[in-house]
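Have a look at the structure below before the remarks.
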Amino acid sequence: MQKILDAILADELGELGSLPVPEHYRAVTVHADETEMFDGLPNAEKDPCKSLHVEDVPTPELGPGEALVAVMASAINYNTVWTSIFEPMSTFGFLRRYGRTSPLAKRHDLPYHIVGSDLAGVVLRTGPGVNAWKAGDEVVAHCLNVELEHPDGHNDTMLDPEQRIWGFETNFGGLAELALIKSNQLMPKPAHLSWEEAASPGLVNSTAYRQLVSRNGADMKQGDVVLIWGASGGLGSYATQFALNGGAIPVCVVSSPEKAAICRKMGAELIIDRSAGTGEGYRFWADEDNQDPKEWKRFGAKIRELTGGEDPDIVFEHPGRETFGASVYAARKGGTIVTCASTSGFMHSYDNRYLWMNLKRIIGSHFANYREAWEANRLIAKGRIHPTLSRVYPLAETGRAASDVHANTHQGKVGVLCLSPEEGLGVRDTEFRARHLDAINRFRGV
Ligand SMILES: NC(=O)c1ccc[n+]([C@@H]2O[C@H](COP(=O)([O-])OP(=O)(O)OC[C@H]3O[C@@H](n4cnc5c(N)ncnc54)[C@H](OP(=O)(O)O)[C@@H]3O)[C@@H](O)[C@H]2O)c1
């Protein structure tokens, strides 16, 4: 592995194809025999530090249409939090089901799961049938793993019946020194970013792009008022940028003055602090079973106060159970609630009268197809959208990185250095970077 790293650091990328591929590599895993370790504990007490291991694993065999990538950096996504706390279910079921689909997929069904759905790195080897990429290419990952043997996936690959999120529903993910990936998951690394910056937008940037911008999602247009939950978090920090970049008007919901300050740094002006201490202290649920419509109305009134009397054309939803009733209520007549997640609980309830009488629509959105991810990555490469990396950990401390995200003590994205020995490496275009440095750094150290 050291020879591979030395070649990358010495910028001798042409050598990589001839260097031997290591038989083992370090990776972040969860173990199949530990999936019950948190049984009976409340969600908040399930600690990713206890379930995520950093260990040596054998390098998988490279198959047709695949690439083996030397991973310089990766990032924490909430899906790694879900995997590490075994909620809402253990991800070994995904690996077993995938393993039953073909002899090649059988490689993924192991007693350990190598997690991680983002990477920035360098291609080491490509399998038979790969023509668009070669050893030495600097890449980032699109985390959609599809088979495309069924007609359903051919208009929109997200509709493929064999669609999986790499590093969550497949093995050999990006929180590791090496990663196995299909070649149709590779995208060019933005030249002005360091490895850890380039690795951080991937999954959330593409998800927010489809959810908010794409015709498959809310199809946002200029002037739309967009209510964004968790506006300084993983998804929300990109949704906020897409709204601003696309001429829409974001109304950012956050839970602290520090997070509000970050939204202002991104250029947002309309911000709601939802927290009890410093902000509005909304209690949308009066008790376990009943929501409080008076609180929805108080929330709606706050939005109108900020917008000069307008309701959101689009609500960018992901907290789920806690907020969904308020989201359906707050959207404007004819507006759209677009949802991709249920962090606080997946059994949602809302007052359907506000939906049908006011002709609102709920749209389900999930990750992004290759085209959408490519467009989202292109916006990063062109300096229109910027990484929102706040903190970076070494691979050995991935558990702590995931704990930060689980405890919601992070901002934007939390990065992980895999092979890269330090932060700041991998920048190719220093001149372009200098023009965007303030925007690239606005989440750092907060
Ligand atoms: N379907 C997909 O393709 C897809 C893709 C990416 C992520 N996801 C899912 O989307 C969710 C968010 O991911 P993320 O990366 O954005 O996570 P994140 O970085 O933790 O950000 C989420 C933000 O949501 C806000 N939030 C959390 N609980 C809330 C609650 N009960 N009420 C209101 N706001 C709340 C928090 O912001 P404040 O505390 O500042 O309000 C938090 O920072 C996760 O469940 C993840 O699994 C789905």
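We count residues from 1, following the sequence as given. We count ligands from 1, going down the list as the structure has it; atoms in each ligand are counted the same way.
Between atom 16 (O) of ligand 1 and the options L144, I76, T409, L235, the minimum heavy-atom separation is to L235.
A donor-acceptor pair is defined here as one N or O able to donate and one able to accept, closer than 3.5 Å; no such pair exists between the side chain of E149 and the backbone of E162. The main-chain N or O of T323 is found under 3.5 Å from a side-chain atom of S327 such that the two form a donor-acceptor pair. Side-chain atoms of R433 come within 3.5 Å of backbone N or O of H192 as a donor-acceptor pair.
With respect to S342, the side-chain hydrogen bond (donor to acceptor under 3.5 Å, both in side chains) criterion is satisfied by exactly one of R321, H348, E322: H348.
A salt bridge does not link R264 to E269: none of the charged nitrogens lies less than 4.0 Å from a carboxylate oxygen. Under 4.0 Å is where a charged nitrogen must lie from a carboxylate oxygen, and between E423 and R391 no such pair does. Ion pairing between E310 and R332 fails under the 4.0 Å rule for side-chain N and carboxylate O.
Nearest protein neighbour of atom 25 (C) of ligand 1, counting heavy atoms only, is G230 CA, 3.7 Å. The protein non-hydrogen atom at the shortest distance from atom 47 (O) of ligand 1 is W82 NE1, 2.9 Å. At the top of the distance list for atom 2 (C) of ligand 1, counting protein heavy atoms only, stands H366 ND1, 3.4 Å. The nearest protein atom to atom 43 (O) of ligand 1, hydrogens excluded, is given as N408 OD1, 2.9 Å; this is a heavy-atom distance. Looking at atom 18 (P) of ligand 1, its nearest protein heavy atom turns out to be H410 NE2, 3.5 Å. The shortest contact between atom 41 (O) of ligand 1 and any protein heavy atom is with R274 NE, 2.7 Å. At the top of the distance list for atom 31 (N) of ligand 1, counting protein heavy atoms only, stands E322 CG, 3.4 Å. L203 CD2, 3.3 Å is the protein heavy atom nearest to atom 6 (C) of ligand 1.
The part of T207 lying near ligand 1 is the side chain, judged by heavy-atom distances below 4.0 Å.
For ligand 1, the polar-atom distance check against T343 finds a nitrogen or oxygen pair separated by under 3.5 Å. For ligand 1, the polar-atom distance check against P319 finds no nitrogen or oxygen pair separated by under 3.5 Å. At least one N/O-N/O distance between K259 and ligand 1 falls below 3.5 Å. The distance criterion of under 3.5 Å between nitrogen or oxygen atoms is met by C340 with respect to ligand 1. In terms of polar-atom proximity, N79 is not counted as a contact of ligand 1, lacking any N or O under 3.5 Å from an N or O of the ligand. Between S232 and ligand 1, not a single N/O pair is under 3.5 Å apart. The shortest N/O to N/O separation between G234 and ligand 1 falls below 3.5 Å. By the 3.5 Å distance cut-off applied to N or O atoms, T323 is not counted among the residues near ligand 1. No N or O atom of V405 sits closer than 3.5 Å to an N or O atom of ligand 1.
Closest approach of E295 and F284 over heavy atoms only: O-CE2, 3.7 Å. Closest of all the heavy-atom pairs between T170 and G167 is OG1-N, 3.1 Å.
For ligand 1, the atoms closer than 4.0 angstrom to any heavy atom of V204 are 15 (O). Near G233, meaning under 4.0 Å from any of its heavy atoms, are these atoms of ligand 1: 19 (O), 21 (O). For ligand 1 and V254, the ligand atoms under 4.0 Å from any heavy atom of the residue are 40 (O), 41 (O).
Residue contact check for ligand 1: N77 places no non-hydrogen atom closer than 4.0 Å to it. Judged by the shortest distance from any of its heavy atoms, Q211 lies outside the 4.0 Å radius around the atoms of ligand 1.
Taking the six-membered ring for Trp and the full ring otherwise, the centers of H142 and F367 sit less than 6.0 Å from each other.
Remark: R274 fails to qualify as a cation-pi partner of W229 under the 6.0 Å distance and 45° angle criteria applied to the six-membered ring.
The number of heavy-atom neighbours closer than 6.0 Å to CG of D33, taken from other residues, nucleotides and ligands shown, is above 12.
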Next item on the list: Any chance you could lay out the side chain to side chain contact (heavy atoms under 4.5 Å, CB included) test for L186 and D137, step after step, and finish with the verdict?
Entry: CA-CA 10 Å; L186 297 173; D137 285 344; over 6 Å; no
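Below 30°, between 30° and 60°, or above 60°: for F38 and F86 the angle between ring planes is between 30° and 60°, a tilted geometry.
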